[in-house]
Amino acid sequence: MSNSKKKYSVVFMPDCVETSAEEGSNLLETAIASGVHINAGCGGAGTCGTCNILIKTGKVVGQKTANVSDADYQDGLRQACSSRVMSDLVVEVPAASRLEAAVLKRETPDSASAAMLLSGWNYSPPIEKRFIRMSPPTMQDNTSDLSRLLRCLDNSQTESIVEADFSVTKKLATTARQDNWHVSATLLKLAGHTRLINIEPSDTRTTNYAFVFDIGTTAVRGQLLDLNRGQISAQAIGYNKQIRFGADVIARINQCSQPGGLAKLQTAAVDTINELLHQMLSSSGVAHSSINHIVVAANTVMVHMLLALDPKYLRMSPYVPTISSPPLVRARSLGIDTEEHVRLFCMPSVASYVGGDIVSGILGSGVYQRPSLTLYIDIGTNGEIVLGNNEWLVTAAASAGPTFEGGGIRCGMLAINGAIEDLRLDDASAEPSVKVIGDGQPLGICGSGIINLTASLLKNGLITQAGRFNMEKSSARLRYGENGAEYVLTYAADSGTGKDITFNETDMDNLIRSKAALYAGYHTLILSVGKHMSDIDHVVIAGTFGNRLNIENAITIGLLPDLPRHKFTFIGNGSLLGARLIAFSTEVQRQSSVVASMMTNLELSENADFMSSYTAAMFLPHTDAALFPSVTTGDTA
């Protein structure tokens with residue numbers, strides 16, 4: 001008797017993706033398997049409430065979660081991660097649960113302040129192409145083809161010993177004779193020697209390109225670089241396909257512990273890179289064969305997953321990575337669609353949660369070169385912080401959680417079309433004026449909108465410094481909802497969801513915890529070196545989130561230190577900036593190891609000062625008003 005389960009048709013709208021699923025299949029896993037992207041911040045644990053879907057027709061079973069209200073449940077709203085297929089289904093993925101890569105902000109290559117960039121570096125890419133006119137063999141000179149080629153290279157401008165890849169020798173005989181012994185040699189310059197990695201017939205020196213990638217937890221950004229001209233030929237950006245397995249690194253590490261989990265995460269990372277790689281080649285018209293190098297900057301967890309290294313020990317005390325300075329690896333061996341000779345260089349990391357992306361940012365911004373005391377901040381799910389100068393650097397990672405990407409917020413969402421990113425409250429009526437990404441109807445609120453809202457509520461007296469709503473204020477927007485006191489940003493009639501968009505006290509608690517973790521991280525680093533906040537000469541803010549950050553509002557709620565505003569500098573994507581410089585300079589590439597070795601990591605989870613600083617920061621802006629004088633006086637000099 002057959003024990004096979006029934007199979008049902010599942011259609012995901014609005015993309016009209018149809019697949020089949022066995023009875024009892026998890027709906028989120030079904031979506032992932034069919035290539036449908038649904039936000040799942042907690043990786044399917046059922047805690048974040050971001051994987052909301054609407055059951056249009058058919059039946060699912062599953063426990064109702066606290067993230068779905070009674071009214072929404074009656075309307076067919078479910079969490080995909082807690083729903084199982086019991087019939088043919090038509091499922092709608094609401095806009096707030098979808099991933100729309102097209103609206104991710106592209107970085108401006110020269111967005112960094114000129115005063116905050118690496119100085120004194122020489123343009124000398126680690127990849128060089130050299131045209132060689134080899135002498136044809138004769139009976140008087142019948143030395144081997146390889147010896148003949150190496151002899152030519154040793155007699156040219158190469159300063160170090162040249163060694164050849166075996167892959168070169170396999171095609172050398174044919175290639176050398178294809179154009180009368182005229183060849184182009186591709187050389188990879190390493191410390192102490194030079195490696196011959198490829199050979200082509202004729203003169204191909206004009207086609208020498210590299211890719212650089214910033215592999216973020218949420219998004220992956222890439223640039224195609226012309227190594228002959230030192231220019232950016234193309235750019236591309238997209239969501240990290242790993243996001244379907246969880247919004248943060250902890251959720252993804254947990255996924256790696258499942259059968260086949262690491263392979264799935266590695267494949268997702270490679271698929272993302274390949275997709276962007278082909279986009280850039282297509283838009284630039286550059287040939288696939290012209291790519292000779294790849295540089296990757298990413299946090300330690302992302303690097304482990306890209307290289308298919310088990311990341312589980314990164315989250316176990318004493319938090320030890322398998323590798324901090326990955327050796328060069330053939331990109332094709334990882335599944336990246338390149339020629340066989342292309343190597344991938346990963347930026348060295350410092351610790352489990354302070355990765356190559358931060359080393360890259362410190363390198364590219366030149367923080368390590370200057371005597372001035374600089375605080376470098378990359379605000380994200382895992383906020384990385386560096387403090388120091390040209391003599392020393394200390395660093396830490398403060399787990400802010402997914403709040404700044406809309407996670408853990410009742411109506412939160414990523415910074416995509418439909419997200420409220422800014423708003424102002426009328427001083428008299430407390431009525432909001434909202435700015436929506438894409439200028440359509442609002443669907444929810446993203447991280448920058450949450451910060452601006454909280455600052456406005458605080459300035460207008462609608463919330464207390466403890467984050468409680470002041471229900472004595474006369475405002476129609478203040479009310480009690482299913483989750484307690486809340487403020488209505490947009491009523492159902494004006495929203496794109498047909499429901500009220502609100503911000504409640506639970507949301508406020510999550511924001512306060514996130515901003516407290518980051519501020520406590522800054523404060524703890526400063527205390528660890530015997531300094532004070534007032535000693536800081538510069539604050540460098542990196543990352544995509546920083547592009548939308550309102551400095552005044554961030555200081556008002558205690559997310560950033562209250563310092564003179566001229567001390568703050570935005571550098572955009574510092575990770576990509578450093579990776580680009582490494583692709584352009586062998587000298588800078590070698591400096592990356594120096595920068596990593598300068599950085600002393602402080603584990604905040606094991607630090608008593610951090611816990612006391614965290615508790616003190618659980619207030620708007622802080623329990624110590626003396627740390628935020630401008631919030632009280634309004635003096636922002």
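Quick caveat, the model's predicted, so the values are computed rather than measured.
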Side-chain donor-acceptor contact under 3.5 Å, [X] with [Y]:
X: T338; Y: R330; answer: no
X: H538; Y: T374; answer: no
X: D357; Y: N299; answer: no
X: N607; Y: T524; answer: no
X: K189; Y: S124; answer: yes
X: R580; Y: Q223; answer: yes
X: D337; Y: N274; answer: no
X: E391; Y: Y368; answer: no
X: Q369; Y: S119; answer: yes

Are side-chain heavy atoms of [X] and [Y] found at a separation under 4.5 Å?
X: R315; Y: N254; answer: yes
X: T395; Y: M598; answer: no
X: L525; Y: L602; answer: yes
X: L387; Y: L393; answer: no
X: D378; Y: I385; answer: no
X: L225; Y: F211; answer: no
X: C256; Y: K312; answer: no
X: R195; Y: V162; answer: no

Considering all heavy atoms of both residues, which atom of [X] and which atom of [Y] are nearest to each other, and what is their separation?
X: S349; Y: V359; result: CA-CG2, 4.4 Å
X: Y376; Y: G574; result: OH-CA, 3.9 Å
X: N240; Y: G216; result: ND2-O, 3.0 Å
X: K567; Y: S534; result: NZ-O, 4.1 Å
X: F584; Y: Q231; result: CZ-N, 3.9 Å
X: L224; Y: Y209; result: CD1-CB, 3.9 Å

Going from [atom1] on [X] to [atom2] on [Y], what distance comes out if it is rounded to the nearest 0.5 angstrom?
X: I450; Y: L559; atom1: CD1; atom2: CG; answer: 12.0 Å
X: M280; Y: E275; atom1: CE; atom2: CD; answer: 11.0 Å
X: R252; Y: T217; atom1: CZ; atom2: OG1; answer: 5.5 Å
X: L363; Y: L577; atom1: CG; atom2: CG; answer: 8.5 Å
X: Q266; Y: L334; atom1: CD; atom2: CG; answer: 6.0 Å
X: R513; Y: Y614; atom1: CZ; atom2: OH; answer: 6.0 Å

Within the side chain of [X], is there an N or O that forms a donor-acceptor pair under 3.5 Å with the backbone of [Y]?
X: K531; Y: L373; value: no
X: S365; Y: G361; value: yes
X: S317; Y: Y319; value: no
X: N452; Y: D422; value: no
X: S448; Y: E421; value: yes
X: S612; Y: D609; value: yes
X: H622; Y: D624; value: yes
X: N389; Y: S372; value: no
X: N553; Y: N550; value: no
X: K515; Y: A400; value: no

Where does the angle between the aromatic ring planes of Y519 and Y522 fall among parallel (under 30°), tilted (30 to 60°) and perpendicular (over 60°)?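 Y519 and Y522: perpendicular rings.
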
Criterion side-chain contact (heavy atoms from CB on, under 4.5 Å) against L375, the qualifying member of I541, I536, D537, L563: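 So, applying the side-chain contact (heavy atoms from CB on, under 4.5 Å) to L375 and each of I541, I536, D537, L563, only I536 qualifies.
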
Quickly, which of R343, E587, Q589 forms a side-chain contact (heavy atoms from CB on, under 4.5 Å) with P126? Name it, please.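 Single side-chain contact (heavy atoms from CB on, under 4.5 Å) partner of P126 among R343, E587, Q589: Q589.
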
Which is it for T556 and K459 under the side-chain contact (heavy atoms from CB on, under 4.5 Å) test, yes or no, and what are the steps along the way? CA-CA 8 Å; T556 296; K459 290 173 183 176; 3.7 Å; yes

Pair I557-I451, side-chain contact (heavy atoms from CB on, under 4.5 Å): steps then yes or no: CA-CA 7 Å; I557 70 169; I451 290 171; 3.9 Å; yes

Verdict with reasoning, L328 to L190, per side-chain contact (heavy atoms from CB on, under 4.5 Å): CA-CA 10 Å; L328 286 169; L190 303 167; 3.4 Å; yes

May I have the step-by-step check of side-chain contact (heavy atoms from CB on, under 4.5 Å) for V220 and I237, ending in yes or no? CA-CA 6 Å; V220 178; I237 187 169; over 6 Å; no

N/O donor-acceptor pairs under 3.5 Å from side chains in residues 300-307, not counting sequence neighbours:
residue : atom : partner : partner atom : Å
T300    : OG1  : A351    : O            : 2.6
T300    : OG1  : S352    : O            : 3.4
H304    : ND1  : T300    : O            : 3.0
H304    : NE2  : T322    : N            : 2.9

Qualifying residue, where the test is side chain to side chain donor-acceptor pair (under 3.5 Å) with N208 and the options are D226, N292, T186: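 Per the side chain to side chain donor-acceptor pair (under 3.5 Å) rule, the option paired with N208 is N292, out of D226, N292, T186.
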
Tell me, with the steps shown, if S630 and D562 meet side chain to side chain donor-acceptor pair (under 3.5 Å). CA-CA 7 Å; S630 77; D562 192 354; 2.8 Å; yes

